[in-house]
Amino acid sequence: MNYMNSYPRNLRKQNNIMINSKLNLSKKRIFSGIQPTGNLHLGNYLGAIKNWVNLQRDISSIFSIVDLHAITVPQEPSKLKSSTHEVTAAIIASGIDPKKAIVFNQSSVKEHAELAWMFNCVCRIGWLNRMTQFKEKAGKNRENATVGLYGYPVLMAADILLYKATHVPVGDDQKQHIELARDIASSFNNMFARDGQKDFFSLPEPQILGQATRVMSLRDGTKKMSKSDASDASRINLTDTKEEISNKIKKAKTDPHPLPETIEELSTRPEALNLINIYSSLSNQSIDQTLSQFCGQGFSFFKPKLIDLAIETLNPISFEMRKLLNDRKEIDKILRNGADNARKIAEPVLKQVKEIVGFVI
Ligand code: TYM
């Protein structure tokens, strides 16, 4: 999409808008975010970060540590700061290169909050009432949930559209939120259409990639692996030691049957399916390939192979992460530099949005 053509012509003339020529919108751009709350786990790594590392090579990429999202539930201030450092260290240790991709913490670019407000005035209450993640997170005590938690997906839409991102690589649990971002973008386009131009925002595509798009709990194959699960044995943290990884996989719930030959047979066995998905993703092979490698074998044969593979992948990441965390000033520098670069894209987009909406700027 050519930005010059998409911007309402009458407003362009009226306001003499500066078009940022560096913003090449015919190109793909990815945006994704991760919350600085607690330990990152294998689900975050396989469902999101690993894909980001592969995508950053060829596509202009922006990754945000979403601290504004984190405070939608209570956070202890000093812990929030150190979690922001830890998550930044974790994604860099996993292979995100801050010289290639923009890495920054969300609250440093105020345009996120400003655009979110404007989208609050576009998004309908009925759309938010359908969000399953809000229902899960708020639980029975919905009246007591913060307005921020309710509006969480509106801020996500602002994150993505502030950079006119075309693709959003996330785990499967975020699909509904990206669909909402598309609804907000398209509603904004229609509300402010001028001269037959309807596409100020293009609609971002979710990218749900790999063999482990929804990593499940090691204790219950029907529940998502999550930071908030009370049982640490339910997840493999990126900071776990070799022994912890080994013990958690040894104790992971399974069933008494040998591994099957086909995906159809596997689909009725949630714990076996989860471990096979994890193995396939870690070894960069298809589920079929993993099944042909292990079919007919029991878990006593399969689990040690999975343990070796998990340790081989995660151990260098936690080692590198610890090294990076020895110099928190350097991490702050990376985040500040990332925020400066993010702002260069965000400021002109927000300025254009304000002009479209009719603000005096
Ligand atoms: P967060 O921090 O909860 O999750 C970060 C990423 O990890 C993925 N993920 C999983 N993938 C597979 N299996 C799992 N068990 C698992 N658990 C988490 C998530 O899908 C996500 O990709 N709301 C976002 C953060 C965000 C964002 C954005 C993402 C804020 N603004 C804009 C994309 C675009 C979230 O889930 O964070």
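The basis for the numbers below is simple: all heavy atoms, side chains too, and nothing from hydrogens, waters or symmetry mates. Counting starts at 1 for both ligands and their atoms, in listed order.
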Cut-off 3.5 Å, side chains only: do Ser217 and Asp220 have a donor facing an acceptor? no
Minimum-distance pair of heavy atoms, taken over all atoms of Ile102 and Gly338: CG2-O, 3.3 Å
Taking all heavy atoms of Phe299 and all of Arg269, pick out the closest pair and write down the distance.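 Closest approach of Phe299 to Arg269, heavy atoms only: CE1-NH2, 3.9 Å.
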Residues in ring-ring contact (aromatic ring centres under 6.0 Å, His included) with His112, at least two apart? Phe104, Tyr163
Could I get the full list of side chain to side chain donor-acceptor pair (under 3.5 Å) partners for Asp327, not counting sequence neighbours?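 So Asp327 forms no side chain to side chain donor-acceptor pair (under 3.5 Å) with any residue.
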Tabulate below the donor-acceptor pairs under 3.5 Å that side-chain atoms of residues 43-51 make, not counting sequence neighbours, or state none.
from	atom 1	to	atom 2	distance (Å)
Asn44	OD1	His41	N	3.1
Asn44	OD1	His41	NE2	3.3
Lys50	NZ	Ser281	O	2.6
Lys50	NZ	Asn284	OD1	2.6
Asn51	ND2	Gly47	O	3.4
Asn51	ND2	Leu209	O	3.3

Starting from the N and O atoms of ligand 1, collect every protein N/O partner closer than 3.5 Å and put each pair on its own line with the distance to 0.1 Å.
from	atom 1	to	atom 2	distance (Å)
ligand 1	2 (O)	Gln35	N	2.8
ligand 1	7 (O)	Asn44	ND2	3.1
ligand 1	11 (N)	Gly43	O	3.1
ligand 1	13 (N)	Val215	N	2.8
ligand 1	15 (N)	Val215	O	2.8
ligand 1	15 (N)	Met225	O	3.0
ligand 1	20 (O)	Gly171	N	2.9
ligand 1	20 (O)	Asp173	OD1	2.4
ligand 1	22 (O)	Gly171	N	3.1
ligand 1	23 (N)	Tyr152	OH	2.6
ligand 1	23 (N)	Gln174	OE1	3.1
ligand 1	31 (N)	Asp159	OD2	2.7
ligand 1	36 (O)	Gln174	NE2	2.9

